[in-house]
*Asks:* 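Sharing a structure, written as structure tokens. Questions coming.
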Amino acid sequence: MSKIYIPAWHYKAPGLVQRVWGWSPIEEMVLLTLDATPGTIDDLASALHIPRQVAASTVARLMQFGLIEVRMSPRPMLSTNLVGREFIRGSRALPERSADREIGISVVYEKVGDSVFRNRDVDTIPMTRLPKSGKIVAFPVGEPLETDYSMMQRVTQFMSGMLRPGEWLRGIQANSSYLERKFLVLDLNEVRDGAIPPGASEKLIEALKSTIKTGTLPVTAPPAADEPPAISTDFSADQIIVGARQQLERFEQIVKAAKSHIFILSTFVASQDDRCKENRDRMWQALDDACHRGVKCHLFFGTSIDAPKHASAMHELSERLSGIRRTRGYVLAHRDSVESHAKFLVADDGQGGAVVSMGSCNWLSSPFSAVEVSIELTEANAAGAAMDVLQSIIAKISSAGQSIEALQFIAAELRRNRSRMSAATAEPGSIRASMRILHAADHNRLLRVAAHDAKTRFICCTNRVGANMVPALFDPAEVASQRLDEVSIYYSRRGGPVKRGHVNEHRERLKGNVGIFGVPEPQLHAKFLAWDDDHIVVSSLNWGSQSATVDNPMDEIGLYLEGTGLATLLLKKFDAEKTRAAKDA
């Protein structure tokens, strides 16, 4: 038998491709001429020495994009309008022209060499028609199944070199997708003769050659190591948000600015009649106003503890917001837990960009009375990477297709336009920073690295200390204290079996080396790590009470930023907020 059967996934979905045009020299010259000397089409053709038909068609295109207008006084003539003049005199690039087209995507992803093929270029067979014997490579056991999200990533990469000049893949319409396990069928005799499907990876080719030579079946490729890459980004002081009032104000500002989409992932959801209504009413009102403007609200919660309670609260919120426009199309309030402790607020900024806020704040349940710390990302690469993480978190629930698609489109648009948000256009005073996204198990490793590498100080803030506080936090802090004069731990609550006496024992044991500060009021809900002058981690992880594992990498998400003075800046804001809140208490 010469055929071999390799585990594969067949994925079909409509894709949206956008073609983008720049502007020709004729169009630019017409605009410049009409700005300097308004006139008729005949005047324009004469001044530029171009055929009248060319002048007329160019004027029509410029009018279509709202750059020129007709003046009726003192006589009918063409001239640039306010928008056109701003583009010319403000040295701005002319607005791009674009058109969308839908394409059918049908690809096969095989699990031996991680190749992606066009479906029409290969033969596949359903699992139900697989022969009982032969050269059959089994699907890997225990690996996560492919999802719309994982296949979107592969399709985007696969399509990048296959589109026409000027085109790019905006995204995939996941609601109309099809994903099925199949087997890729290859004839080893044809492979021996060099007939290999286009797109086959070198790894697959080598595996097939080895099978031909030895008769040993290939093995499926292990999952690629998911080491988060470092991202170079621009950062400013006001993107570190510290405090309760500040979080609420920024929530209102971000939601107010949005014109198309808002995404919120909160661990918990408060019911509409819950106490602490004053601050929450401001939050609900901001979402009410967004729905009234036609902004789509995508709402998620993360806890699996008492999930029915939070699902019920999410239903109440959905009913409230859906009633604003008497339609449910603008509110996608998901009542299944995504099983993540991460907290996200994502929205378009109303000006072609987007903002992502990540940190400790439970947006849909917070009374906005505790000290919180969040980081805002606006630069394209950083914000796009954070949106990718949110996509992978919400992909766990089947109802999230529209939300994933919307996130994908926003991130793609943001990255395509990243040139206008580059370092060359960075605001004065911005800090050039290196950013790395931390998954759950990355936190403990980095904390230990920081404890060994810190040169001047080591500061950690955790909402709770719990059963694992000694190995997770106190021991690394003690290691740091052997070299450093400033080592401090801040917390507000105790969890699990930990009593006040347990913490006091360690406070006395480490006295003079590590400062362990319990701060009951104002409650510290912030979770951050800061060392030296330039290193900070802002996270959803309670460093002193939670043991993050590799089993659920999306359970906790943090941002590690390294940039000049970032730790100094964060700690200054933190100390000021503690002092202010204590006076108000």
Side-chain angles (χ1 to χ4, degrees), residues 13-18 98 100-103 105 147-153 155-156 159 168-177 179 254-266 286-287 290-302 314 317-318 321-322 324-325 327-336 338 340 342-358 363-364 377-378 380 382-418 554:
L16 199 61
V17 171
Q18 185 175 84
S98 63
D100 291 343
R101 67 183 178 96
E102 187 176 291
I103 62 172
I105 294 172
T147 64
D148 267 309
Y149 174 73
S150 63
M151 290 305 298
M152 281 180 194
Q153 306 298 102
V155 167
T156 300
M159 294 292 295
W168 65 290
L169 183 65
R170 287 189 63 200
I172 296 167
Q173 300 178 31
N175 284 341
S176 303
S177 67
L179 181 61
I254 291 169
V255 171
K256 182 179 179 180
K259 291 185 178 179
S260 59
H261 293 276
I262 297 166
F263 304 83
I264 302 175
L265 169 56
S266 175
L287 292 174
C291 290
H292 187 75
R293 299 194 308 272
V295 178
K296 283 195 172 183
C297 296
H298 308 254
L299 310 176
F300 301 85
F301 74 91
M314 185 68 86
L317 178 57
S318 176
L321 299 178
S322 297
I324 301 297
R325 293 178 63 95
T327 176
R328 297 178 186 274
Y330 289 92
V331 181
L332 289 84
H334 301 272
R335 284 180 273 175
D336 292 321
V338 299
S340 172
K343 300 96 165 59
F344 279 80
L345 170 62
V346 180
D348 70 281
D349 64 4
Q351 300 178 0
V355 57
V356 179
S357 181
M358 301 169 63
W363 303 105
L364 298 181
L377 304 174
T378 56
M387 282 187 265
D388 289 345
V389 173
L390 181 57
Q391 285 184 62
S392 62
I393 291 174
I394 66 177
K396 295 178 181 179
I397 58 176
S398 59
S399 60
Q402 289 187 48
S403 301
I404 292 172
E405 182 180 307
L407 270 172
Q408 183 191 25
F409 276 45
I410 293 172
E413 291 275 4
L414 195 63
R415 285 174 169 129
R416 195 181 71 86
N417 296 327
R418 64 182 178 271
M554 298 298 171

*Asks:* Listed by chain and number, what are the side-chain hydrogen bond (donor to acceptor under 3.5 Å, both in side chains) partners of Q173, not counting sequence neighbours?
*Replies:* E102

*Asks:* Mind checking side chain to side chain contact (heavy atoms under 4.5 Å, CB included) for S403 and listing every partner two or more places apart, or none if nothing turns up?
*Replies:* F263, H298, F300, L332, H334, I394

*Asks:* Tell me the closest heavy-atom pair linking A395 and I404, and the distance in Å.
*Replies:* CA-CD1, 3.6 Å

*Asks:* Nearest 0.5 Å, please: how far is CD in E405 from OG in S176?
*Replies:* 8.0 Å

*Asks:* What are the two closest heavy atoms between L265 and G302, and how far apart are they?
*Replies:* CD1-N, 4.0 Å

*Asks:* Rounded to the nearest 0.5 Å, what separation is found between the CG atom of L169 and the CD1 atom of I105?
*Replies:* 5.0 Å

*Asks:* Grab the two heavy atoms, one from L414 and one from A380, that are nearest each other, plus how far apart they are.
*Replies:* O-CB, 3.4 Å

*Asks:* Under the side-chain contact (heavy atoms from CB on, under 4.5 Å) rule, what do L390 and L407 come out as? Steps first, then yes or no, please.
*Replies:* CA-CA 8 Å; L390 181 57; L407 270 172; 3.8 Å; yes

*Asks:* Which distance, rounded to the nearest 0.5 Å, do you find between the SG of C297 and the CG of L287?
*Replies:* 5.5 Å

*Asks:* Does D348 reach the main-chain N or O of H261 with its side chain, forming a donor-acceptor pair under 3.5 Å?
*Replies:* yes

*Asks:* Rounded to the nearest 0.5 Å, what's the gap from CE on M358 to CG on L345? Could you check?
*Replies:* 11.5 Å

*Asks:* In chain order, what residues pass the side-chain hydrogen bond (donor to acceptor under 3.5 Å, both in side chains) check against D336, with sequence neighbours excluded?
*Replies:* none

*Asks:* Minimum heavy-atom separation for A258 and V295, please, with both atom names.
*Replies:* O-CG2, 3.4 Å

*Asks:* What is the minimum heavy-atom distance between A383 and V356, and which atoms define it?
*Replies:* O-CG2, 3.8 Å

*Asks:* Can you list everything that forms a side-chain hydrogen bond (donor to acceptor under 3.5 Å, both in side chains) with T156? Sequence neighbours excluded, please.
*Replies:* none

*Asks:* Between atom CD1 of I264 and atom CD1 of I254, what is the distance when rounded to the nearest 0.5 Å?
*Replies:* 10.0 Å

*Asks:* Looking at every non-hydrogen atom in both residues, tell me the closest pair between W363 and S357 and how far apart they are.
*Replies:* CZ2-OG, 3.6 Å

*Asks:* Side-chain contact test, heavy atoms from C-beta onward, threshold under 4.5 Å: evaluate it for L299 versus S318 and give yes or no.
*Replies:* no

*Asks:* For a side-chain contact (heavy atoms from CB on, under 4.5 Å) check, start with the C-alpha distance between R170 and E413, then their side-chain angles and the critical distance, and finish with the verdict.
*Replies:* CA-CA 7 Å; R170 287 189 63 200; E413 291 275 4; 3.0 Å; yes

*Asks:* Taking only residues two or more places apart in sequence or in another chain, which ones pass salt bridge (Lys or Arg N to Asp or Glu O under 4.0 Å) with R335?
*Replies:* none

*Asks:* Which pairs, with at least one residue in residues 393-402 and sequence neighbours excluded, count as a salt bridge (Lys or Arg N to Asp or Glu O under 4.0 Å)?
*Replies:* none

